[in-house]
Amino acid sequence: MSTPAAKTAITPRRDEDFPEWYQQVVRAAEMAEPSDVRGCMVIRPWGYGIWENMQRQLDAMFKATGHRNAYFPLFIPLSYFAREAAHVEGFAKECAVVTHSRLEVNAEGKMVPGSPLSEPLVVRPTSETIIGASYAKWVQSYRDLPVLINQWANVVRWEMRPRVFLRTTEFLWQEGHTVHETEAEARAETRQMLDVYEEFVRDHLAIPVFSGEKSESERFPGAVQTLCIEAMVQDRKAIQAGTSHFLGQNFSRASGIQFQSRAGTQEFGWTTSWGMSTRLIGTVIMAHADDDGLVLPPRIAPIHIVILPITPKEETRTRVLEAAAKLAGELRALMYFGAPLDVEIDQRELGGGLKNWEWIKKGVPLRVELGPRDLESGNVAVSRRDQPVKAKEFVPAAEFAGRAVELLDSIQQNLFERAKQFRDAHTRTIDTKEEFYDFFTPKNPAKPEIHGGFVRAHWNGSREVEEQIKSDLKVTIRCIPFDDPATPPEAGICPFSGEASPRRVVWAKAY
RNA sequence: CGGGGUGUAGCUUAGCUUGGUAGAGCGCCUGGUUUGGGACCAGGAGGUCGCAGGUUCAAAUCCUGUCACCCCGACCA
């Protein structure tokens, strides 16, 4: 054998080198690849198909909560961007700036930028300020409120250290921007959209999250309050999966979003913004994929079921293909969460298990093998991507279509349960500094093994404690959990300062 | 921008210390044998050795410069 069959489809395994494993999964599943532009990625059809599914489902949730889509410019005049002090300061270091409008040939025959712009344009890293300029025109009266708009767009943040899907210079996202008459309404909107995110990530991506508020140091530049959902991935690090910001009147003051109130006075609007990005694709990979490649939650899989006709002999080939087409037809007539099942018959002339492995690496939830022997016995061989690769269940062909949706639901549910068990197994309550430091310190500092997780620990609320822990351990506060009416927050002692703490907060190393 | 490292075929790389016509595996193409599992045999295509300059009869190899990328740090959806 020229290539000894690897034990796993992906090398290295997760436990050997998690970051490298991640990149290999992305590559093996043909989701994306690095481009010639540093920090930017080419999203290939399989990765983009996942994004399209996320988009479609999230978009429906936005519409259901009263939002509409619109589109605002890619370029933001520098003067607009600079209107909110904390905002510019926060984003200044990662802005791409357009300064010229044309190319000219210089004396050496090279193309060089020609006419300087009268005002530089910032390529949007987020759109609060440019959208605010429109809202200032649209909002005159309390009767114009609320404004509930979302945009699907690309944004650019000039990152120092890009990682495909997780942190790229250009990425795709949605950003909701709303204006409200009252503070309470805006705060409710901020929370409502976070809840939408939590539901989406839990029910569609099969990932459990902790939700809560960011500490001041992790807050969005310019926001009064930032809410977030935090997921744990398989190297036990946290990843922020979505954020929702209550912006108070900071941006309405900056952009002049003013309205005449019911009482006849001029008031500034209360605004919010909230976003989710292609980073979610990376989150899904790190949460669910295994040593054989991607594992997709059925609800976002571009293909739900792949049918693999086995045609070893020419004389049975036609009959097998006919049976495969018939089965595909039955399956495609089925609805799965409001859309027809996506079913592919892979009849490429590829030898052996090569095709099978391709679909394993792509993470297709169900693989169905159909060969001459199955025609005899009236069965199909069904493999679930959430089960070991070699596991097969023989199901009567006549029954399979009837069970397909149930099987997909079962995979979806199983992935969630598995992720939740993993997270819970690596979430601790810790009360001493020693235990905390021990938990987050790898046994082998030279080549850190997968370690740590989430810790619920008390905190005195000071920035100094946060910074000390960050510089010692690279551990940060991921969120301050919301008040749960059922169980009031438990007061205690901050193990780092010895001071009083009103509640436990969630700590972790983060992406 | 600081500290370290690497540039050889689409990918992974050998060769560099000690200069002498560029090698392998995977992938790709063709033909054949195979086919319930990442097949085998035979043949084939593919390289300005990152770029520029220098030393030399001769440079992937030595020297100088330069560019790019990777890892670690500050930043981050």
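Reminder, nothing fancy here: chain letters follow the sequence lines and each chain counts from 1. Computed from a prediction, not measured in an experiment: that's the story for all the values here.
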A:Phe220 CZ - B:C76 C1' separation (whole Å)
12 Å
Using a cutoff of under 3.5 Å, can you pull out all pairs of nitrogen or oxygen atoms linking the protein to nucleotides 69-73 of chain B, with atom names and distances?
{"unit_1": "B:C70", "atom_1": "OP2", "unit_2": "A:Arg38", "atom_2": "NH1", "d": "2.6"}
{"unit_1": "B:C72", "atom_1": "OP2", "unit_2": "A:Arg161", "atom_2": "NH2", "d": "2.1"}
{"unit_1": "B:G73", "atom_1": "OP1", "unit_2": "A:Lys474", "atom_2": "NZ", "d": "2.6"}
{"unit_1": "B:G73", "atom_1": "OP2", "unit_2": "A:Arg161", "atom_2": "NH1", "d": "3.2"}

For B:C76, take OP1 and OP2 only and decide whether either is under 4.0 Å from a side-chain N or O of A:Lys214.
no
Out of B:G36, B:C76, B:C75, minimum distance to the side chain of A:Arg373 belongs to B:G36
How about A:Gln57 and A:Asn53: does a side-chain donor come under 3.5 Å of a side-chain acceptor?
no
is_close_aromatic(A:Phe220, A:His87), centroid dist under 6.0 Å:
yes
Which whole number of Å gives the distance between the C1' atom of B:C70 and that of B:U34?
43 Å
Which value, in whole Å, describes the distance between the C1' atoms of nucleotides B:U61 and B:C49?
10 Å
Could you give the CD1-to-P distance, from A:Ile285 to B:A77, as a whole number of Å?
19 Å
Atom P, compared across B:G44 and B:G25: separation rounded to whole Å
13 Å
Hey, does the side chain of A:Ser127 reach the backbone of A:Ile130 with a donor-acceptor pair shorter than 3.5 angstrom?
no
Proximity of A:Tyr71 and A:Trp152 rings by center, below 6.0 Å
no
Report the nucleotide, chosen from B:A77, B:G36, B:C11, that has the shortest atom-to-atom distance to any side-chain atom of A:Arg27.
B:C11
Integer angstrom distance from the C1' of B:G27 to that of B:G47
16 Å
What is the distance, rounded to the nearest whole Å, between atom CH2 of A:Trp357 and atom P of B:G38?
10 Å
Under 4.0 Å between a Lys/Arg side-chain N and an Asp/Glu carboxylate O for A:Lys361 and A:Asp292?
no
Are A:Glu128 and A:Arg83 ion-paired here, with the side-chain N under 4.0 Å from a carboxylate O?
no
Quick one: does A:Arg167 reach the base of B:C76 with a side-chain donor-acceptor pair under 3.5 Å?
yes
Any carboxylate oxygen within less than 4.0 angstrom of a Lys/Arg side-chain nitrogen, looking at A:Arg299 and A:Asp203?
no
Could you check how far CG of A:Leu172 sits from C1' of B:A77, rounded to whole Å?
12 Å
Name the closest nucleotide to the A:Ala9 side chain, picking from B:A77, B:G38, B:C75.
B:G38
When all nucleic acid strands are considered with a 4.0 Å heavy-atom cut-off, which category describes A:Arg317: base, sugar-phosphate, or nothing?
nothing
How would you label the contact of A:Tyr511 with the nucleic acid (heavy atoms, under 4.0 Å): base, sugar-phosphate, or nothing?
nothing
Pairing pattern in dot-bracket form [Watson-Crick, G-U; both distances under 3.5 Å; | = partner strand] for RNA chain B:
(((((((..((((......[..)))).((((((.....)))))).....(((((..]....))))))))))))....
On RNA chain B, more 5' by nearest nucleotide between A:Ala381 and A:Ala241 is A:Ala381
Between the side chains of A:Glu358 and A:Lys362, is the shortest nitrogen-to-carboxylate-oxygen separation below 4.0 Å, so that they form an ion pair?
no
Nearest-angstrom distance from the residue atom CG of A:Asn150 to C1' of B:A77:
15 Å
For A:Thr168, answer base if it contacts any base atom (sugar-phosphate contacts may also be present), sugar-phosphate if it contacts only those atoms, and nothing otherwise; contact means non-hydrogen atoms under 4.0 Å.
base
Can you tell me which residue among A:Val233, A:Ile229, A:Val209 is in a side chain to side chain contact (heavy atoms under 4.5 Å, CB included) with A:Ile239?
A:Val233
What orientation do A:Phe246 and A:Trp270 show, parallel under 30°, tilted 30 to 60°, or perpendicular over 60°?
parallel
In whole angstroms, how far is the C1' atom of B:A77 from the CZ atom of A:Arg219?
18 Å
With rounding to the nearest 0.5 angstrom, report the CG to CZ distance, A:Leu415 to A:Arg384.
8.5 Å
Please state the C1' separation for the pair B:G23 and B:C57 - nearest whole angstrom.
26 Å
Any salt bridge between A:Glu52 and A:Arg56, counting N to O under 4.0 Å?
no
Separation between the C1' atoms of B:C51 and B:C67, rounded to whole Å
7 Å
Ignoring the backbone of A:Asp374, work out which of B:G38, B:G36, B:A77 is nearest its side chain.
B:G36
Looking across every strand, which nucleic acid part, if any, lies under 4.0 Å from A:Leu308 by heavy atom: base, sugar-phosphate, or nothing?
nothing
Pick base, sugar-phosphate or nothing for A:Gly275, based on heavy-atom distances below 4.0 Å to the nucleic acid.
nothing
Stacking between A:Trp173 and the base of B:A77 (centre distance under 5.5 Å, interplanar angle under 30°)?
no
Taking the same atom, P, in B:C62 and in B:U17, what whole-Å distance lies between them?
5 Å
Could you check whether A:Glu159 gets within reach of a base, just the sugar-phosphate, or nothing at all, counting any heavy atom under 4.0 Å?
base
Assign each of A:Lys470 and A:Phe394 to its nearest nucleotide of RNA chain B by heavy atoms, then name whichever residue's nucleotide is nearer the 5' end.
A:Phe394
In whole Å, what separates the P atom of B:C26 from that of B:C63?
35 Å
State which of B:C76, B:A77, B:G38 makes the closest approach to the side chain of A:Glu94.
B:C76
Base, sugar-phosphate, or nothing: which does A:Lys392 touch, judged by heavy atoms less than 4.0 Å apart?
base
